[in-house]
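Chain identifiers are assigned alphabetically (A, B, ...) following the order of the sequence lines, protein sequences preceding nucleic acid strands; residue numbering begins at 1 within each chain. Being a predicted model, the structure only gives us computed values, none of them experimental. When reading the values below, keep in mind they use all heavy atoms of this one structure, side chains included, and skip hydrogens, waters and symmetry mates.
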Amino acid sequence: MNIEQILKESISNAFQQLYGASLAEEEVALQPTRKEFEGSHTLVCFPFSRISKQNPEATATALGEYLQQHTDVVDRFNVVKGFLNLVISDKAWIAVFNVILQNNGQMAKKGEVMVEYSSPNTNKPLHLGHMRNIFLGWSVSEILEASGQQVTRVQIINDRGIHICKSMVAWKRYGEGATPESEGAKGDKFIGNYYVRYDREFKSEVAELIAGGQESAEAERNAPIFKEAQDMLLKWEKKDPEVYALWAKMNGWVYEGFNTTYKKMGVDFDKLYYESDTYLLGREEVLKGVEKGVFYKKDDGSVWVDLTDDGLDEKLLLRSDGTSVYMTQDIGTAILRYKDHPNINRQIYTVGNEQEYHFKVLFLILDKLGYSWARECYHLSYGMVDLPFGKMKSREGTVVDADDLIDEVIAKTREKTMELGKIDELSPEEAENLYRMLGLGALKYYLLRVDPKKRILFNPEESVDLQGNTGPFIQYTHARISSLLRKADALGVERKQHFACDKLTDIEKELVYRLSEFPERIQDAAREFSPSVIAQYAYDLAREYNKLWQNVIILKEEDETLREFRVALSAKIAEVISSALGLLGIESPVRM
RNA sequence: GGCCCCGUAGUUCAAUGGAUAGAAUAGAAGUUUCCUAAACUUUAGAUGCAAGUUCGAUUCUUGCCGGGGCUACCA
């Protein structure tokens, strides 16, 4: 039982004894004491005046006296206005630490969820926007798992549609049989270049037609290269063997490229869904919906859903020519996933906030189709990543490429580490691995420390900062403790599982307090789908530990019990830092 | 126009309705005979505006002002 629980229970008892009133545990507002007052836990007593029929100050004092007498955790207390500040006894803190030492970190099992993230188009490489998505989705998956849920990680690959046909046309026209191997290029970059090439040719053809007297909209429809792409899409839908084979081959190149990047990022998936597999199922569902009267058909044959009663618009589900739109395939994908995984109680879609309307509509449609799980679908929406010089636009070449960015941050940490010259005993391979951990740590932390729903203004300089509120700062603390523990082991300091010291410094108590909060923080982060909660926690813990480091001697402490306690405390903190960073997808180096 | 999100130190981020609004960075000033100075200490600096609810509002409500997004037979 932890201190909060003991306090809450005792406060509840106190109300019974003092005022003959019962108080639900949820009504007890316990919060950390502000630094300028003595104590660690503060009870806000203003709301209790009503029950106690006394002013807040008197109520707080009465409660404080009761707690001091009837519990053995409260050593003393002070009252400031309606705030009751409790000082927990050193013995109680040690008891808390002993429990933490025993704790194996297991959480109660809580069901099964599916998390979707990344979900790229197959016509261009991954960029900075994807990185926020991928790191967020991965981290939320880790957090949900740590909170006791079983997680299936998936992505939907948008492998179908006019966009991939554009790359295909350009490759057929200008590729002369080139392959990623023959060019020594990464598959996704290779395809991306043809997509860019398409766009260039398209623009020049349109310009030519306009010069020949056409209106711009007309010219865009008539550009030969566009017609070729459209023609190719039609052939693809009819499963024309030649087109289909080319499509499969070119997508294969892209997947290979993506996988290289995913691996570099340290993420993966349990299962992949392809739009080309799900759009037909979606169409069937929509047609069924028409029969059921949930949707309706217009005279031209297009199918719509009317959501005006729900405060939304009418939405197209099938084009007049019978082909699917984005919404159609998402309906199919959602249903297929529940068929594949009947036990999931929640689907989480990691997708940018510009698609909030889309998902509102999707979930509503699934609900109307009679799928009860639709109400449990969740759009994990996040803000855009803006660049200092404006928005990212792939066609204008203002994107930050994922591979380039990763290479850059690694190069930057390499440079910085060499400058500090602290890695002499590492082999070249170990050193490279360290740069990778630090570079990615900086980048991931930079993108995850911010509340997901907020926009991020991406500053290339700050994203590789190694000081202050950054990933490497936390990693550094871990490396520092690791070094300490190596020395402790060499000195033969015993690692006890149980302590009985009777005097702790304020920083030590603070650290035990923070350690004890970790499980609760994980639940908070899981409930809010917010890795930033974990980032903040890890940073605070590391910062607090660095204060301890600066203020007390650990290995040279003469009192043996105290020395052993501090080593054990350090070890536990390193462990918690490492798992907190793990929840963010960040590795913890043992030296740096 | 309608709907959604965001406005906090120069800058980037925090704050279940609670105390004198926390950090980082940039600025100023310090700390290495001792376990990793990628650290630590000190210092100065902020809630867009106006009402309302409340013992108490950065937080909830309304209006206004700024920024962004959505409102496609694109995905």
Side-chain angles (χ1 to χ4, degrees), chain A residues 26 29-31 33-37 42 44-47 49-50 55-56 80-83 85 119 121 123 158 160-163 275 298 300-304 311-313 315-327 329-330 352-358 360 381 383-384 386 391 413 416-417 419-420 422 438 442 446 449-451 453-457 459 461-462 465-470 472-477 479-488 491 524 528 532-533 535-536 539-540 542-543 545-557 566-567 570 591-592:
Chain A
E26 305 84 68
L30 264 182
Q31 54 190 245
T33 304
R34 295 185 69 94
K35 278 196 207 103
E36 57 268 38
F37 302 104
T42 293
V44 182
C45 296
F46 297 96
S49 298
R50 210 186 34 194
N55 66 44
V80 181
K81 292 190 257 179
F83 298 94
N85 300 322
S119 303
N121 287 345
N123 60 337
N158 301 304
R160 181 195 75 97
I162 192 82
H163 59 270
E275 184 187 330
K298 283 192 179 168
D300 62 4
S302 57
V303 175
W304 296 75
L312 304 175
D313 301 322
K315 195 83 190 167
L316 176 86
L317 298 177
L318 284 180
R319 295 192 188 97
S320 49
D321 63 3
T323 55
S324 314
V325 292
Y326 183 38
M327 189 62 76
Q329 63 103 3
D330 267 6
N353 63 8
E354 73 274 14
Q355 293 197 35
E356 265 166 21
Y357 186 73
H358 172 80
K360 215 186 260 181
S381 163
M384 316 223 96
D386 291 321
K391 272 195 76 168
T413 51
K416 181 71 190 172
T417 307
E419 247 172 59
L420 291 175
K422 292 205 286 190
L438 296 178
Y446 180 79
R449 62 186 257 254
V450 182
D451 187 315
K453 65 173 180 284
K454 292 197 173 169
R455 307 168 45 193
I456 290 183
L457 181 72
N459 182 328
E461 301 294 315
E462 284 172 14
D465 269 353
L466 309 172
Q467 285 161 6
N469 189 354
T470 66
F473 169 89
I474 303 168
Q475 291 173 310
Y476 172 72
T477 309
R480 228 182 189 189
I481 298 175
S482 302
S483 163
L484 177 90
L485 295 178
R486 283 192 296 272
K487 295 210 160 102
L491 289 170
D524 292 345
E528 292 162 30
S532 66
V533 171
Q536 188 71 38
Y539 173 67
D540 288 340
R543 194 163 47 92
Y545 182 80
N546 281 324
K547 278 188 204 163
L548 178 78
W549 182 285
Q550 214 72 29
N551 283 294
V552 307
I553 299 293
I554 298 173
L555 291 179
K556 293 192 176 162
E557 167 61 47
R566 284 175 186 163
V567 168
S570 302
R591 51 187 104 223
M592 67 185 269

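Taking the nucleotide of RNA chain B with the nearest heavy atom to each of A:I162 and A:A542, the more 5' of the two is matched to A:A542. The residue among A:S532 and A:F46 whose nearest nucleotide of RNA chain B lies closer to the 5′ end is A:S532.
Looking at heavy-atom distances under 4.0 Å, A:V44 makes contact with a base. Using a 4.0 Å heavy-atom cutoff across all strands shown, A:P47 reaches at least one base atom of the nucleic acid. Counting non-hydrogen atoms under 4.0 angstrom, A:L318 reaches nothing in the nucleic acid. Here A:Q355 lies in heavy-atom contact (under 4.0 Å) with a base. Contacts of A:S49 with the nucleic acid, taken as non-hydrogen atoms under 4.0 Å apart, are absent. Residue A:A488 is classed as having no contact, given no heavy-atom separation below 4.0 Å to the nucleic acid. Among the atoms of the strands shown, none is found under 4.0 Å from any heavy atom of A:D524.
With sequence neighbours left out, the side-chain contact (heavy atoms from CB on, under 4.5 Å) criterion links A:V80 to A:F37, A:N78, A:N85. Partners of A:L555 according to the side-chain contact (heavy atoms from CB on, under 4.5 Å) rule, which considers only residues two or more places apart in sequence or in another chain, are A:L484, A:K487, A:A488, A:L491, A:V493, A:V567.
Taking atom P on both B:A19 and B:C35, the two are 41 Å apart, rounded to the nearest angstrom. With both ends at atom P, the span from B:C60 to B:G45 equals 28 Å, rounded to whole Å. Across B:C64 and B:A15, the matching P atoms stand 28 Å from one another, rounded to whole Å. Rounded to the nearest Å, the gap between the P atom of B:A23 and that of B:A44 is 13 Å. Between B:C74 and B:G63, the two C1' atoms lie 38 Å apart (nearest whole Å). For the P atoms, the distance linking B:U62 with B:U25 amounts to 39 Å, nearest Å. The separation of B:C13 from B:A26, taken at their C1' atoms, amounts to 15 Å, rounded to a whole angstrom. When the C1' atom is compared between B:U31 and B:G66, the two are found 44 Å apart, to the nearest whole Å.
Atom CG in A:L316 sits about 8 Å away from atom P in B:C74, given to the nearest Å. Between the P atom of B:A75 and the CG atom of A:L317 lies a distance of 13 Å, rounded to the nearest Å. The separation between A:L457 atom CG and B:G69 atom P is 14 Å, rounded to whole Å. As rounded to whole Å, 13 Å separates atom C1' of B:U71 from atom CE of A:M327. A:Y446 has its OH atom 9 Å from the P atom of B:U12, to the nearest Å. As rounded to whole Å, 14 Å separates atom P of B:U12 from atom CG of A:D465. The distance from atom CG of A:N546 to atom P of B:U32 is 18 Å, rounded to the nearest whole Å. Atom CZ of A:F473 and atom P of B:A38 are 12 Å apart (whole Å).
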Output one line per pair: protein atom, nucleotide atom from nucleotides 33-36 of chain B, and distance, for all N/O pairs under 3.5 Å.
unit_1 : atom_1 : unit_2 : atom_2 : d
B:C35  : O3'    : A:K487 : NZ     : 3.2
B:C35  : O2     : A:L555 : N      : 2.9
B:C35  : N3     : A:I554 : N      : 3.0
B:C35  : N4     : A:W549 : O      : 2.9
B:C35  : N4     : A:V552 : O      : 2.4
B:U36  : OP1    : A:S483 : OG     : 2.8
B:U36  : OP2    : A:S483 : OG     : 3.3
B:U36  : OP2    : A:K487 : NZ     : 2.7
B:U36  : O2'    : A:Y476 : OH     : 2.3
B:U36  : O2'    : A:R480 : NE     : 2.8
B:U36  : O2     : A:K422 : NZ     : 2.7
B:U36  : O2     : A:M592 : O      : 3.4
B:U36  : N3     : A:M592 : O      : 2.9
B:U36  : O4     : A:A479 : O      : 3.4
B:U36  : O4     : A:M592 : N      : 3.2

Any N/O pairs under 3.5 Å between the protein and nucleotides 3-5 of chain B? List them or say none.
unit_1 : atom_1 : unit_2 : atom_2 : d
B:C4   : O2'    : A:E356 : OE1    : 3.0

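Within a 6.0 Å sphere centred on CD of A:E461, other residues, nucleotides and ligands contribute 12 heavy atoms or fewer.
No side-chain donor from either of A:T470 and A:Y539 sits under 3.5 Å from a side-chain acceptor of the other. Looking only at atom types and distance, the side chain of A:Y326 has no donor-acceptor partner in the side chain of A:N158 under 3.5 Å away. Between the side chains of A:T33 and A:T42, at least one donor N or O lies within less than 3.5 Å of an accepting N or O.
A:Y446 contributes a side-chain N or O that, together with a main-chain N or O of A:N459, makes up a donor-acceptor pair within less than 3.5 Å. Listed for the A:D321 side chain is a donor-acceptor partner under 3.5 Å among the backbone atoms of A:T323. Formation of a donor-acceptor pair under 3.5 Å by the A:S483 side chain with backbone atoms of A:A479 is not found in this model.
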**Report entry** Intra- and inter-strand pairs of RNA chain B in dot-bracket (Watson-Crick or G-U wobble, both distances under 3.5 Å; | for another strand)
**Finding:** (((((((..((((....[...)))).(((((.......)))))....(((((..]....))))))))))))....
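Taken to the nearest 0.5 Å, the CZ atom of A:R480 stands 14.5 Å off from the CD atom of A:Q475. Interatomic distance, A:L316 CG to A:M327 CE, rounded to the nearest 0.5 Å: 9.5 Å.
In this structure, the side chains of A:R319 and A:V325 come closer than 4.5 Å at one or more pairs of heavy atoms.
In textbook terms, a nucleotide whose glycosidic angle is within 90° of 0 is syn, and B:U32 is one such case.
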Query - Full working for side chain to side chain contact (heavy atoms under 4.5 Å, CB included) between A:S570 and A:I554 - result: CA-CA 9 Å; A:S570 302; A:I554 298 173; 3.9 Å; yes
Query raised in the report: Could you walk me through whether A:N55 and A:S49 pass the side chain to side chain donor-acceptor pair (under 3.5 Å) check?
Result: CA-CA 6 Å; A:N55 66 44; A:S49 298; over 6 Å; no
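Between A:R319 and B:C74 there is a side-chain polar atom (N or O) within less than 4.0 angstrom of OP1 or OP2.
Using a cutoff of 4.0 Å between basic side-chain nitrogens and carboxylate oxygens, A:D451 and A:K454 are not scored as salt-bridged. Ion pairing between a basic and an acidic side chain is recognised when a charged N comes within 4.0 Å of a carboxylate O; A:K298 and A:D300 show no such pairing.
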Query raised in the report: Going 5' to 3' along nucleotides 19-24 of chain B, which nucleotides have protein heavy atoms under 4.0 Å from the base (write B), which only from the sugar-phosphate (write S), and which from neither (write -)?
Result: BSSSSS
